[in-house]
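Down below is the structure, laid out as structure tokens.
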Amino acid sequence: MSAIYAIDWHQMFVPTGSLLELVVRGSSMYLLILAGFRVFRRDAGSLSVSDLLVVVLIADAAQNGMAGEYKSLTEGGVIVATIFAWNYVLDWLAYRSPFVYWLLHPPSLLLIRNGQIQFRNLRSQLITKDDLLEQLREQGVESVERVKKCFLEGDGRMSVIREDDGEPTGRSKKQRL
């Protein structure tokens, strides 16, 4: 039989190293990257940070297992299972513990209050005034003065609460007359 069709079943399925070491490595990388995302929290888009992390790590771990970098499918499977396990455990803990929820889900950040842009909060997230105005336009808001509150949510989206009476905020009715 030709070398093209030869399959090394032993190398494909039998781990070459310690499975416990793979669990420790997978756990360490998951927690390290999750901590990094928590510090630099606002770039995840509409996916939660842990969801995005799982997608990236599983893709990499599965690729390594399939490409042979780990030498066996079993090793790649152990890494993938470890990542899924950590994702489940942290979701479970966040559901049951307000402290863990706080660690994994950053609080909303106020960007506009009563028509006034909170420039300090914009700077802390490296958001320009033009970026903010673009987001407001995408939500159908013509003017900052018509915004009661605008928040940058933990998942990177902006939520806007418009002024109810249609009048600009931050001024009394006497000042508008």
Side-chain angles (χ1 to χ4, degrees), residues 1-111 118-128 131-132 134-135 138-139 149-160:
M1 190 188 243
S2 156
I4 294 173
Y5 298 108
I7 296 174
D8 186 349
W9 293 102
H10 185 268
Q11 183 178 2
M12 188 182 298
F13 289 106
V14 177
T16 58
S18 165
L19 294 181
L20 180 59
E21 179 183 341
L22 287 174
V23 169
V24 170
R25 285 176 185 264
S27 298
S28 299
M29 288 308 298
Y30 181 86
L31 296 173
L32 179 66
I33 294 170
L34 182 62
F37 272 132
R38 178 61 172 96
V39 171
F40 305 103
R41 63 187 178 170
R42 303 292 181 173
D43 297 328
S46 62
L47 289 175
S48 75
V49 170
S50 60
D51 291 338
L52 178 63
L53 178 60
V54 166
V55 169
V56 169
L57 289 177
I58 286 177
D60 182 57
Q63 178 272 329
N64 286 339
M66 289 185 292
E69 190 171 318
Y70 289 133
K71 305 290 188 231
S72 77
L73 292 173
T74 305
E75 291 167 317
V78 168
I79 290 289
V80 169
T82 300
I83 292 166
F84 272 128
W86 271 110
N87 192 53
Y88 178 80
V89 166
L90 290 176
D91 284 347
W92 185 85
L93 287 172
Y95 177 74
R96 285 163 177 74
S97 166
F99 177 72
V100 174
Y101 184 87
W102 174 82
L103 282 175
L104 298 178
H105 301 281
S108 301
L109 183 66
L110 185 66
L111 300 179
Q118 307 298 302
F119 285 101
R120 181 178 182 191
N121 290 347
L122 285 181
R123 278 191 300 275
S124 75
Q125 298 302 311
L126 303 175
I127 298 172
T128 66
D131 291 339
L132 176 63
E134 177 183 342
Q135 289 293 319
E138 287 178 4
Q139 295 195 31
K149 290 185 180 180
C150 175
F151 295 93
L152 180 62
E153 301 299 342
D155 63 5
R157 293 178 294 144
M158 287 189 192
S159 59
V160 178

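Everything numeric in this text was worked out from a predicted model, so none of it was measured. Atoms considered below: every heavy atom in the structure, side chains included; atoms not considered: hydrogens, waters and symmetry mates.
- With sequence neighbours excluded, the residues forming a side-chain contact (heavy atoms from CB on, under 4.5 Å) with Arg120 are Arg123, listed by chain and number.
- Here the CE-OG distance, from Met158 to Ser108, works out to 12.0 Å after rounding to the nearest 0.5 Å.
- Counting only heavy atoms from C-beta outward, the side chains of Trp102 and Phe99 approach each other to under 4.5 Å.
- At distances below 3.5 Å, not a single donor-acceptor pair connects side-chain atoms of Thr82 with backbone N or O atoms of Ser27.
- Atoms CG and CH2, on Leu93 and Trp86 in that order, are 8.5 Å from each other to the nearest 0.5 Å.
- Gln125 contributes no side-chain N or O that, together with a main-chain N or O of Leu152, makes up a donor-acceptor pair within less than 3.5 Å.
- Atom NE2 of His105 is separated from atom CD of Glu153 by 13.0 Å, given to the nearest 0.5 angstrom.
- Leu110 is not listed as a side-chain neighbour of Cys150, based on a closest heavy-atom distance of 4.5 Å or more.
- Taking OG of Ser159 as the reference point, atom CD of Gln139 lies at 7.5 Å (rounded to 0.5 Å).
- With values rounded to the nearest 0.5 angstrom, Leu111 atom CG is found 10.0 Å from Gln135 atom CD.
- Across Thr74 and Pro15, no two heavy atoms sit closer than the pair CG2-CG, 3.9 Å.
- Contact annotation: the side chain of Tyr88 never approaches that of Asp91 to less than 4.5 Å [non-hydrogen atoms, C-beta and beyond].
- Counting only heavy atoms from C-beta outward, the side chains of Asp131 and Leu122 never approach each other to under 4.5 Å.
- In this structure, the side chain of Ser124 engages the main chain of Asn121 through a donor-acceptor pair within 3.5 Å.
- Rounding to the nearest 0.5 Å places CD1 of Ile127 at 12.0 Å from CZ of Phe119.
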